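Note sheet for the following structure.
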Amino acid sequence: MAFENLLIEYKERIQYIIINRESKLNALNKATLAELHTAITEAFANTLVGGIIITGAGQKAFVAGADISEFASLGVDKGTELARDGQIKVFNLIEHGPKPVIAAVNGFALGGGLELAMACHIRIASDNAKMGLPEVTLGLIPGYGGTQRLTRLVGKGKALEMIMTADMITAAEAYEFGLVNHVVSQDSLLAKAEEMLNKILLRAPLAIASAIKAINAATDPAVNGFDTEIEEFGKCFGTNDLQEGVSAFLQKRKPEFKSN
Ligand code: COA
């Protein structure tokens, strides 16, 4: 499917989703969010795709937030709907997806942009990236899961400080806080993301999906994460991946996982 606000590229089993509104610093308008929903749903369903890298077009921004120009006309009901819809169709979709999703944060990741990066399973930032949740400068709070995911990633104290001051932090500070997994030069950002994703793609895909589910359960108050782990651990024994992984170990060879 052709998109207006996204570029889709494939590199072997990696699908790139590039937010492509460079003149607006890749701000997420409604149309872009709808396209993201479609692109991610298709990538998860496509057996040729092992994992996804999300990044922004250009050198300056990953995503500079939700598109502020769409906010002026919203009332309470439409504002609530915007947040709920976005959370379900894009941000939760990514976090709970069965395939690894890496955010390659290539510049400003503000507001909805940082929320998008935080919904991904792993974040790698370029050393010029700046991150923040500046919504209170607009009379708003984060609505795409930012208050929850930032708190889980950096702790309540830092989350309160970042959200209430609206200050941007550097990539080095984000690394120090545990908000990003790695910081590299902008030139090597995509290579680093690919290297990590390619390593994950050598592992058993169904076990990766189970690991994502069990780890997500750790921060979901609606489920007991230890029970989820037991269930997912058990399920692994019914997969060909486990047969292959264990046989390969015993036969002293590298496993070749076929499932998706
Ligand atoms: N929504 C809509 N448009 C945005 C945007 C956003 N979140 N962020 C940037 N843009 C647009 C600007 O309006 C400008 O468009 P124009 O050229 O048509 O006027 C263009 O992108 C370039 O941005 P500009 O502000 O000129 O770049 P800058 O280098 O001076 O500043 C930022 C960069 C990121 C500091 C600044 O754009 C900014 O503060 N953006 C908003 C960040 C924000 O509050 N995000 C949270 C939203 S909930």
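These numbers were taken from a predicted model, which means no experiment stands behind them. Atoms within a ligand are numbered from 1 in the order they appear, just like the ligands themselves.
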Modelled atom types, side-chain donor and acceptor of [X] and [Y], under 3.5 Å:
{"X": "Thr32", "Y": "Glu35", "result": "no"}
{"X": "Asn128", "Y": "Ser126", "result": "yes"}
{"X": "Ser185", "Y": "Ser188", "result": "yes"}

- Query: Is it true that a side-chain atom of His37 and a backbone atom of Lys89 form a donor plus acceptor pair closer than 3.5 Å?
  - Reply: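 Here the side-chain-to-backbone pair exists.
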- Query: Counting only N and O atoms by type, is there a donor-acceptor contact under 3.5 Å from the side chain of Asn26 to the main-chain atoms of Arg21?
  - Reply: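 Judged by distance alone, yes, a pair lies under 3.5 Å.
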Enumerate the pairs of nitrogen or oxygen atoms, one from ligand 1 and one from the protein, separated by less than 3.5 angstrom; state names and distance to 0.1 Å.
residue  : atom   : partner : partner atom : Å
ligand 1 : 1 (N)  : Ala66   : O            : 3.4
ligand 1 : 1 (N)  : Ile68   : N            : 3.0
ligand 1 : 7 (N)  : Ala64   : O            : 3.0
ligand 1 : 7 (N)  : Ala66   : O            : 2.9
ligand 1 : 15 (O) : Lys24   : NZ           : 3.4
ligand 1 : 18 (O) : Lys24   : NZ           : 2.5
ligand 1 : 21 (O) : Ser23   : O            : 3.4
ligand 1 : 29 (O) : Lys60   : NZ           : 2.6
ligand 1 : 45 (N) : Ala64   : O            : 3.0

- Item | Closest non-hydrogen atom pair, Thr151 against Ala159 |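 Heavy atoms only, the tightest pair is OG1-CB, 3.5 Å.
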